[in-house]
Amino acid sequence: MTFATQAYLMAKSIVSKKRLSKQFIRWLLEEDRRKRQGRYHKEESHRQHPWWQVMCLTGVDYFSTLGYQPGIAALAAGALSPVATLILVLLTLFGALPIYRRIAAESNHGEGSIAMLERLLSWWQGKLLVLCLLGFVATDFIITITLSAADATAHIIENPLAANWVHNQTIPITLILIALLGAVFLKGFKEAIGIAVFLVAVYLLLNFIVVGVGFYQILTHPEALPNWQTALFSRHSNPLILVGVSLIVFPKLALGLSGFETGVTVMPLVKGSSSDTPQYPRARIENTRKLLTTAAVIMSFFLLTTSFITTLLIPAAEFAQGGKANGRALAYLAHLYFGNAFGTIYDLSTISILWFAGASAMAGLLNIVPRYLPRYGMAPNWARVSRPLVLVYTAIAFFVTIIFRANVEAQGGAYATGVLVLITSAAFAVTLSARRHKEKRATFVFGIITVLFVYTTVVNIIERPEGIRIAACFIGAIIFTSLISRVWRSTELRVERIEIDDNAHQFIAEESQGAIRIIANRLNTGDALEYFLKEKEVRDDNHIPPDDPILFLEIKVSDASEFAEVVKVKGLQVGDYRILRAESAAVPNAIAALLLYIRDQTGKIPHAYFGWVEGNPIQYLLRFILFGEGDIAVITREVVRRAEKDPERRPGIHVGG
């Protein structure tokens with residue numbers, strides 16, 4: 001083969017690889033089939049369902065924790081597990097449930113408690129709080145994926161019918177399950193309420209059968225209850241001390257609180273009535289409250305009964321790492337009392353609902369980014385499509401699985417941390433809301449509940465600090481990438497649309513009879529003298545003919561932490577001077593958007609006049625990013641340049657002085 005032939009084949013191979021790479025990137029960044037409005041994401045409309053069906057969608061996450069919760073509870077609390085679980089149930093029914101019933105009313109479009117805090121806390125502190133909470137959301141959902149996959153693996157390898165070679169393949173099997181989950185979302189995943197209803201119905205029925213047989217075994221073996229009582233009171237003879245110790249250990253059982261945040265997030269799927277209004281969909285709110293209450297009652301029943309039968313019927317050694325009940329306590333009882341046939345059916349049901357819980361978590365993650373970060377300008381362009389995010393989340397889930405070695409119990413602390421922080425933030429949001437509405441009794445009650453959840457969260461973090469470490473990693477990554485994206489996107493147009501009143505429309509129409517000249521002015525006294533002096537200065541600096549009419553433009557910074565918005569322009573007259581006045585998160589972006597709007601409405605290129613600023617340019621850049629101001633002329637020019645590629649159609653930017 002000649003050198004020329006080799007070179008030709010090599011070049012052909014390189015071209016082929018480049019073509020495949022481009023095709024892959026094009027496929028990866030293909031836009032989701034969602035309706036969008038303007039330049040920014042628009043929430044898609046959802047098909048609505050009866051509340052009990054939507055409850056099953058949340059239940060694949062909530063109820064699936066029964067696959068591992070009883071075993072983790074037994075490891076954490078030992079003989080105290082039923083007592084500690086009772087405390088958890090009381091906190092669920094009289095703490096978390098009232099909180100989220102109120103959130104359903106105050107955040108009734110699926111935004112959840114995070115959006116309530118966003119509204120209650122304005123400016124950058126609200127945005128930073130949301131970013132931190134998103135870190136805990138990521139912790140919750142990522143660990144849901146990895147923990148559920150790990151527990152599904154435990155049910156696979158511990159099944160008596162499983163081949164011997166799978167027993168030492170815990171991590172590979174878990175990674176395969178996560179990879180399959182990612183592949184489903186890369187292919188395209190549609191919401192499947194019907195599948196969720198079937199999985200939840202079968203899973204709860206099988207668990208009810210196991211619970212019933214468990215109590216039958218306790219009744220037919222009279223020694224089981226005395227043995228448990230002996231173990232319970234041997235170390236804590238005083239009932240008050242027993243309750244006190246249970247209060248200390250029950251935070252370790254906080255996995256049983258998962259599902260509430262998901263319950264309010266899925267509100268758009270809940271069917272209301274024809275009398276509902278977009279501002280206050282009363283029937284949808286009531287149906288969502290039914291969903292939350294029913295799910296909490298069902299879960300409370302199973303938490304109490306399963307912790308009781310597993311503690312009394314399973315030897316303590318079997319809960320430990322390597323034991324047959326580790327991560328699969330109820331499956332252990334199903335095999336023990338019903339045989340391998342029924343036990344295998346139970347395993348398949350558990351594996352299915354756990355895997356689908358991972359799908360629910362992945363769908364939640366894919367909805368979180370478009371709901372918050374693009375609105376803040378804190379997400380790169382590729383974050384608008386799901387496939388790159390699926391790859392990122394799958395890679396993170398791989399990393400977490402390897403770090404924790406696919407151990408169910410080891411991941412419990414991180415999962416509980418994510419769940420508890422979200423519920424605590426929800427309690428805090430509801431307390432602030434009650435205080436703002438001057439509801440003294442509600443403020444006191446919700447304040448007490450908040451304190452209880454703060455205590456539960458702090459104890460969980462102290463006992464199992466790996467959760468806060470993982471959350472800190474997510475928070476750091478989210479804040480870092482968000483700030484980089486915000487800086488990168490700061491010179492986008494950032495205005496959804498321009499709305500002008502009749503006076504402003506008339507001023508622009510009059511100005512369009514000749515050259516359109518607009519003077520940017522920072523409002524001070526707002527009297528005729530201010531505009532007289534400003535006009536004289538600008539005409540002298542820019543040699544504007546004295547007979548050419550002018551308009552003043554004043555932009556007041558509203559909330560600089562916002563990103564995209566509707567700019568409303570008002571026209572007013574002070575003496576002989578005509579002023580266009582508006583509010584915006586960023587002055588240069590609003591000026592650029594208005595100049596382009598005037599160009600499109602009149603067919604003429606407007607000219608805007610600015611004065612030079614003095615000082616450190618880096619300082620002004622930071623002022624623009626943080627406070628929406630800075631070197632306005634320079635940044636306005638850059639925003640116009642990015643928005644309009646044709647130099648001949650760009651509004652004129654003039655700087656004098």
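- Between the side chain of Arg102 and the backbone N or O of Pro98, no donor-acceptor pair lies under 3.5 Å.
- Counting heavy atoms from C-beta on, the side chains of Tyr203 and Tyr346 come closer than 4.5 Å.
- Interatomic distance, OG1 of Thr139 versus CD1 of Ile468, reported as 8.0 Å (0.5 Å rounding).
- Panel note: side chain Glu286, backbone Arg282; no donor-acceptor pair is recorded below 3.5 Å.
- To the nearest 0.5 Å, atom OG of residue Ser64 and atom CH2 of residue Trp355 are 13.5 Å apart.
- Evaluation of the ring-ring contact (aromatic ring centres under 6.0 Å, His included) test over residues 76-102, restricted to residues two or more places apart or in two chains, returns Tyr100-Phe260.
- Side chains of Gln69 and Thr306: no donor on one and acceptor on the other come within 3.5 Å.
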Check the pair Thr450, Thr431 against side-chain hydrogen bond (donor to acceptor under 3.5 Å, both in side chains), reporting the backbone distance first and the verdict last.
CA-CA 8 Å; Thr450 303; Thr431 304; 3.0 Å; yes

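- The closest donor-acceptor contact from the side chain of Asp151 to the backbone of Leu147 lies at 3.5 Å or more, if one exists at all.
- One distance of note links CD1 of Ile423 with CG of Asp140; it measures 9.0 Å at 0.5 Å rounding.
- Remark: of the listed residues Ile176, Leu177, Ile178, Ile171, Ile178 is the sole one forming a side chain to side chain contact (heavy atoms under 4.5 Å, CB included) with Thr174.
- In this structure, the ring-ring contact (aromatic ring centres under 6.0 Å, His included) partners of Phe215, at least two apart in sequence or on a different chain, are Phe308.
- Side-chain contact between Thr417 and Arg469 is absent, with no heavy-atom pair separated by less than 4.5 Å.
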